[in-house]
Amino acid sequence: MTDAAADAPILDAQGVSKRFGAVVALRDASLRVRRGEVVALMGANGAGKSTLVKILTGALRRDGGTLRIRGRDQSFGSPGAARRGGLVPVYQEPSLIPDLDLDENLRLGGTPREPFHHWVRELGIPDPPMDDPIRHLPLATLRILDLARALASEPDVLLLDEMTAALPTDLVERVLKVVREQADAGRSVIYISHRFAEISQLCDRATVLRDGATVGDLPIEPGVEEKIVTLMLGAALSPAQARAREATGPATTGTPRLRVRGLAAGTKLADVSFDLHKGEVLGVVALEGQGQDELFDALAGFRRPGGGTIEIDGQPQSFRHPADAIAAGLTLVPGDRAEALLSSRSVRENIAVPYVARPRHWGPIAMRREGAQVAQAIERLQIDTRAQGEVRRLSGGNQQKVTIARWIAGGVQTLLLFDPTRGIDVRTKRQIYALVRDLAAQGASVLFYTSELGEIQAACDRVVVIFNGRVVDVLDAQDADEPMLMRAAYGLTAREVRA
Amino acid sequence: MSMAADQPSPAARIGRFLRDNPVVTLLILLALLVLLLQVLRPGIVNERWIGNTVKFAIPLAMLAACQTLTMLTGGIDLSASVVATIAAFVVATQEPQVGTGLAIVLSLLPAVLIGLVNGFGVGICRVHPLIMTLGTGLIGTGCLQVYQRGVIATGSVVPASLEWLGTGRTWGMPNALVLFVPFAVILLLAQRRTGFGRLLYAIGANENAARLSGVRAWQVYFGLYVLSALIAGVAGLLYVGLIKAPSLSLAEPLLLPSVAAAVIGGTSIFGGRGSYSGTIVGALILTVLNTLLTLLQMPEGARRIIFGGIILAVTALYARLTDQG
């Protein structure tokens, strides 16, 4: 790794930019990978990691900047071209065709058999099921098979996206060992992960993205975690937005409105417990894919939990359908607006759906009363109604307000907000914080997941941090500034406490 | 903040107007067709002709109501014509034995049954409505053939009251309007001003969002397909009063025109958009078109070609205009 030839970068992306309409996803992203190096690519949600990866692997075309592979200018027009160029990705979603068996998948991809079987053995699955349809295999096995397939094609640069997520510990060990051996054999690896423990064990360097630009390139050494966190956050931390906090905070004693104990669901949500009190806004902070989607789905009745209990006002609940959760006062505003909107229908019809959901309300609608309720909700959320004939003609912020108004209009008890300010303008964001505080002041409870850490202090009373499907920290919002939340979200707090 | 403020192109403005007032466009088209008819055969458009056209358009408009309602949820009801035929056949064969009132009740029982099966298949088993109603339609036809063997000796009589309703006129206007006007008014009010009507649009626009709002979609599907089958049954009773000869394929020729009437009327087959008012005009347009082509003494083949061509042209025009802006 010391001679001059090996020191030349095998992959060198400089000043890469990409915009989607008015949104700038990448401004000035650079990534340099030398032969035999494992480079961690890091960045908070929305920093531009996925966009950069998609550009490197040919899934997207860059708008500006250069990409050199082995010193030559390259522009991959398709994922296939990137593969032929020696850059092979392994994504979180295994790219195997679910209805074919492994044998057919390998033939389809033209994967050489001998190396594939070698790597599968190395990775701890000595006898892969060749004849079962892929869809019947567990996710952990699929990810290993996908990795083995990538290794068998002998890539110059291997790109691993959260490779150890969904893997049991023994397989994680094997994967890390194999990846390290790859690097020692002179191949290069781009390693995307949220787990600092693995990064310090495996990687040589870390490249940090923030707001679409590369802000740091650090060698991995003891104590580098703090530097990376600081880089991901940015130097100029905006002071927490001042807000009028009630003289007496919410009562956090007595029977909580919502009590969750040991909740598990799917493969990601392992064991989450917390209390949400009357008049409280409880923030939830987690990196992507730590089980927060499953948590909200389970609370809203969309998904049956695999274990644990949900209690409302002390009564144990079992939701078979969102209607059950709504009857118990739990109402969800999902992260994806498109999921919640009747895009071809009017603002009024969108807001009024819950009123008519039950068969006993299928009869004639009291139009005047409904109109008044809807008008009140529109006014409270300050929805711009110039294009109210079809909600798809509204701006993103107004659409989001419609999804919230639906539950405000009927008198809300417990509101589950999943990243309600994603992709909307600052003014609307402020209005949503104010609304959330307002609702809490009137006795409603709000569970508020956000991917923007600054929002915790702007809107919440307390915050729970979830990592790897478990609650790793519970903080008062006053104490939870961005660096602290970021460290907790990366699972660093526990180690600090031990240290 | 909203796109309402920007400057729309003329085409987009027309498109928006048509989307907001689809019935106006259709009425213009209808007037043009009538005008064309009058030009080709001066004097044909008189009170008698209008009465006849309305009389034939009503059963079609009722069957098209089944298509409109199911299409609002993104479905379709291909069993509607079979249900209508069964109702007509049962009422005519039971009339001599049990009297008109009971015969009508008996004739609507198979309708309810088929509606329940459709609702079960679509709402609970999640079978695509196209396949589900095609299947129940075939089964219904088969059952009707078995039933026919059983009642071959009894003969059939179309009840006088149905004949009055189907063919009779009062002051030049068909008596069928006595049934159809209240039916249409209720349906038009129900689609926008009842919870059930709202949910049809909601499920068609985004079933997941409806679920999220606490709607149990299967309940709506059950209600919808039973309602659709009942409407089809009543349409069959009306139609047998018009045709006066029950047969095993009585309403079959109305099936595809009923789908066409709903589509021409501006109801989206993908759900979430449309109105019964458009369907009524659509049914009238198809009926006038049929007269027009018959009058031109075109061979059957050419008639069908033109008929199909016009349906496609209107639909394509709709899609183009309403997708802008």
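By convention in this document, chain letters (A, B, ...) are assigned in the order of the sequence lines, proteins followed by strands, and residues within each chain are numbered from 1.
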With chain A as the partner chain, list the residues of [range] whose heavy atoms fall under 4.5 Å from it, by residue number, and write 'none' if nothing qualifies.
range                       : value
residues 194-202 of chain B : B/T194, B/G195, B/F196, B/R198, B/L199, B/Y201, B/A202
residues 207-227 of chain B : B/N208, B/A209, B/R211, B/L212, B/S213, B/G214, B/V215, B/R216, B/Q219, B/V220
residues 66-80 of chain B   : none

> Between the side chain of B/N206 and the main-chain N/O of A/A338, is any donor-acceptor distance below 3.5 Å?
Replying inline: yes
Using non-hydrogen atoms only, which part of [X] is less than 4.5 Å away from chain B: side chain, backbone, both, or neither?
X      : value
A/I326 : side chain
A/A300 : neither
A/D324 : both

> If you look at every heavy atom in A/R345 and B/A205, which pair is closest and at what distance?
Replying inline: CG-CB, 4.0 Å
> Taking everything shown except A/R380 itself, do over 12 heavy atoms lie less than 6.0 Å from its CZ?
Replying inline: yes
>> Taking 4.5 Å as the heavy-atom cut-off, does anything in residues 352-365 of chain A contact chain B, and if so which residues?
In response: A/A352, A/V353, A/P354, A/V356, A/A357, A/P359, A/H361, A/W362, A/G363, A/P364, A/I365
>> Quick one, B/R273 and A/E390 - any side-chain contact, counting heavy atoms below 4.5 Å?
In response: yes
